[in-house]
2 protein chains.
Amino acid sequence: MSARAFHHGNLRAEILGHARATLREAGEEGLSLRQLARDAGVSHAAPRRHFPERQDLLNALAEQGFDELTASIAEQLDRAGGDRVTAFRAVARSYIDFAIRDGALMTLMFSAKNGTAAVGVSAAADRFFAAVGTIVAAVVPSPSAPAPSGVLSDALRAQLLLASTLHGIASLLCAGRLDASQVDELIDGVGQLFGVGAQPAVK
Amino acid sequence: MSARAFHHGNLRAEILGHARATLREAGEEGLSLRQLARDAGVSHAAPRRHFPERQDLLNALAEQGFDELTASIAEQLDRAGGDRVTAFRAVARSYIDFAIRDGALMTLMFSAKNGTAAVGVSAAADRFFAAVGTIVAAVVPSPSAPAPSGVLSDALRAQLLLASTLHGIASLLCAGRLDASQVDELIDGVGQLFGVGAQPAVK
DNA sequence: ACCTGAACACCGTTCAAGT
DNA sequence: ACCTGAACACCGTTCAAGT
């Protein structure tokens with residue numbers, strides 16, 4: 001096969017792979033379609049078949065990130081085998097480790113341009129939040145206090161609050177306003193708040 | 001005075017003002033030093049005196065944002081006049097309204113490049129988190145459960161958790177994953193979690 | 001001290017043309 | 001279908017020169 005045909009069929013995957021690495025090393029503003037084309041050994045216009053605009057590349061990265069994160073937290077729930085505290089801790093750890101490992105990707109995933117994400121990203125985000133909802137339902141006991149007269153059910157409120165808290169910890173970690181050494185204790189604190197506290201007997 | 005002298009002394013402020021507006025309308029990637037120079041009627045190299053690099057402009061915006069947010073939440077605490085529930089709600093509202101109004105600026109404020117912010121931004125962020133600490137101490141009762149053997153004090157843990165939760169709500173709002181109509185109920189939910197719950201008599 | 005104008009290297013995007 | 005090469009408009013950054 002000719003050198004030119006090498007990328008037939010997998011140029012998209014190769015570009016995405018390089019982009020993911022660049023994102024880790026240089027952040028979003030370090031991503032350049034032209035540079036990625038050079039890395040892949042094709043002309044600067046070749047990626048256009050797969051990513052007509054730069055934003056399309058960012059969307060593909062975000063979508064991939066959501067799917068990875070969704071699979072990761074679902075796997076942690078499965079592995080915990082029914083123990084609520086263990087499951088909660090493992091899921092929370094998984095979420096926050098993702099933010100530590102791929103902070104720039106996380107930022108990309110949650111940076112809706114003009115408040116509206118592309119359809120693919122939005123669908124992947126929906127799958128992610130559905131998974132979070134399932135996990136919260138499986139892990140968190142029904143709230144002790146009844147919900148006020150609002151529009152949200154107790155369950156939905158607990159889901160949104162827990163998701164917000166974990167996401168806040170992840171965001172502040174990415175921003176350098178929290179230290180990784182504080183994470184375990186914060187996760188335990190979140191567990192206590194939501195009634196998934198560590199058993200005193202463990203200590 | 002000549003047309004050329006018009007900007008003497010306030011070009012920096014004028015650029016910052018335009019930049020703030022552009023940030024609202026077009027996000028960070030809509031900011032261009034050259035465009036801001038055109039808006040101000042100066043040559044493209046003139047802003048360089050005040051912002052040698054583009055990042056210096058972003059830093060100035062972030063610093064200004066932190067100071068505004070700090071002043072805003074401190075003012076809400078003062079106004080509440082000692083009522084914990086009222087104070088908590090007003091502060092939380094103020095924080096989250098800031099995120100709704102200036103989402104792109106909020107993102108900028110919490111986007112540490114390579115994990116380390118510039119000194120000015122870092123100092124402004126420190127002032128902000130100090131204010132948050134003061135407010136949490138004034139508003140949240142001491143935690144009912146004693147802290148485990150970790151390195152964080154009860155008070156610091158409560159402060160970090162509350163800050164994380166509010167920040168998470170703000171972030172998810174910016175990302176379009178929460179709706180503004182859900183905010184009041186979420187704030188009440190946070191209040192209940194942290195023992196600053198609404199009085200049942202109110203309802 | 002503050003601003004200008006030209007210059008350089010890089011980028012996203014478009015498009016006619018190749019195979 | 002997929003890729004190339006030239007082209008256009010825009011950018012950040014630098015620098016010698018003006019007042």
Side-chain angles (χ1 to χ4, degrees), chain A residues 1-23 25-62 104 108 111 113-114 117-118 120-121, chain B residues 1-23 25-62 104 108 111 113-114 117-118 120-121:
Chain A
M1 70 179 130
S2 77
R4 294 261 293 282
F6 176 68
H7 287 298
H8 269 42
N10 67 346
L11 178 57
R12 186 188 146 97
E14 173 151 353
I15 288 175
L16 270 179
H18 273 286
R20 180 71 175 269
T22 304
L23 195 55
E25 294 158 14
E28 185 208 303
E29 67 274 10
L31 283 175
S32 148
L33 285 176
R34 290 179 101 113
Q35 181 61 52
L36 290 167
R38 264 176 250 130
D39 293 341
V42 294
S43 84
H44 67 266
R48 189 162 197 274
R49 291 284 138 190
H50 308 284
F51 310 105
E53 300 188 356
R54 196 183 111 101
Q55 186 61 50
D56 296 315
L57 170 68
L58 302 183
N59 290 342
L61 287 167
L108 212 58
S111 77
K113 305 290 174 189
N114 311 322
V121 179
Chain B
M1 74 180 125
S2 77
R4 292 260 294 285
F6 176 70
H7 288 298
H8 268 42
N10 66 345
L11 178 57
R12 186 190 146 96
E14 173 151 354
I15 288 175
L16 270 179
H18 273 285
R20 180 71 176 267
T22 304
L23 194 56
E25 294 158 14
E28 184 207 306
E29 67 274 8
L31 283 176
S32 149
L33 285 177
R34 290 180 100 112
Q35 181 61 52
L36 290 167
R38 265 177 250 129
D39 292 343
V42 294
S43 84
H44 67 266
R48 188 161 197 275
R49 290 284 139 190
H50 307 283
F51 309 105
E53 299 190 358
R54 195 184 113 102
Q55 186 62 50
D56 296 316
L57 171 67
L58 302 183
N59 289 342
L61 287 167
L108 212 58
S111 77
K113 306 289 172 189
N114 310 322
V121 179

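In what follows, every chain begins at residue 1, and chains take the letters A, B, ... in the order their sequences are listed. Because only heavy atoms are used, hydrogens play no part in the values below, and waters and symmetry mates are left out as well, while side chains stay in.
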Quiz item: R48(B) has an atom CZ; how far is it from atom C1' of dC15(D), in whole Å?
Solution: 8 Å
Quiz item: Does a side-chain heavy-atom distance below 4.5 Å link L16(B) with L57(B)?
Solution: yes
Practice problem: State which residues pass salt bridge (charged side-chain N to carboxylate O under 4.0 Å, His left out) with R20(B); sequence neighbours excluded, sorted by chain then number. | Solution: E68(B), D102(B)
Quiz item: Counting only side-chain N and O atoms of R49(B), is one of them less than 4.0 Å from OP1 or OP2 of dA1(C)?
Solution: no
Practice problem: Check every atom of dC3(D), dG12(D), dT13(C) against the side chain of R54(A) and return the nucleotide holding the closest atom. | Solution: dT13(C)
Quiz item: Which pairs, with at least one residue in residues 39-49 of chain A and sequence neighbours excluded, count as a salt bridge (charged side-chain N to carboxylate O under 4.0 Å, His left out)?
Solution: none
Self-check item: Atom pair distance, as rounded to whole Å: CD in E14(B) and P in dC2(C)
Solution: 16 Å
Self-check item: Length of the line joining E29(A):CD and dC11(D):P, which is rounded to integer Å
Solution: 18 Å
Exercise. For A46(A) and for Q35(B), locate the closest nucleotide of DNA chain D by heavy-atom distance; then report the residue assigned to the nucleotide nearer the 5' terminus.
Key: A46(A)
Quiz item: If you round to the nearest 0.5 Å, how far is CZ of F51(A) from CD1 of I15(A)?
Solution: 6.0 Å
Polar atoms only, N or O, under 3.5 Å: list the protein pairs with nucleotides 6-10 of chain C and their distances.
from: dA6(C); atom 1: N6; to: H44(B); atom 2: NE2; distance (Å): 2.8

Quiz item: Which whole-number value in Å describes the distance from R12(B) CZ to dC3(C) P?
Solution: 13 Å
Quiz item: Rounding to a whole Å, what distance do you find between D56(A):CG and dG12(C):C1'?
Solution: 12 Å
Quiz prompt | d(CG, L57(A); P, dC11(C)) in whole Å | solution = 14 Å
Practice problem: Can you see which heavy atom on P47(A) is nearest to which on A37(A), and at what distance? | Solution: CG-CB, 3.7 Å
Quiz item: How many Å lie between CZ on F51(B) and P on dC3(C), as a whole number?
Solution: 12 Å
Practice problem: For DNA chain D, just give me the dot-bracket, please: Watson-Crick or G-U, both distances below 3.5 Å, ( ) intra-strand, [ ] crossing earlier pairs, | paired with another strand, . unpaired. | Solution: ||.|||||...|||||.||
Exercise. Figure out the CG/C1' separation between L11(A) and dC3(D), and round it to whole Å.
Key: 10 Å
Exercise. Would you indicate whether the side-chain heavy atoms of L33(B) and H44(B) approach each other to under 4.5 Å?
Key: no
Exercise. List in chain and number order the residues that pass side-chain contact (heavy atoms from CB on, under 4.5 Å) with L31(A), two or more places apart in sequence or in another chain; answer none if no residue qualifies.
Key: A19(A), T22(A), L23(A), L36(A), R54(A), L58(A), L61(A)
Practice problem: Identify, with sequence neighbours excluded, every residue that meets side chain to side chain donor-acceptor pair (under 3.5 Å) alongside R38(B). | Solution: Q35(B)
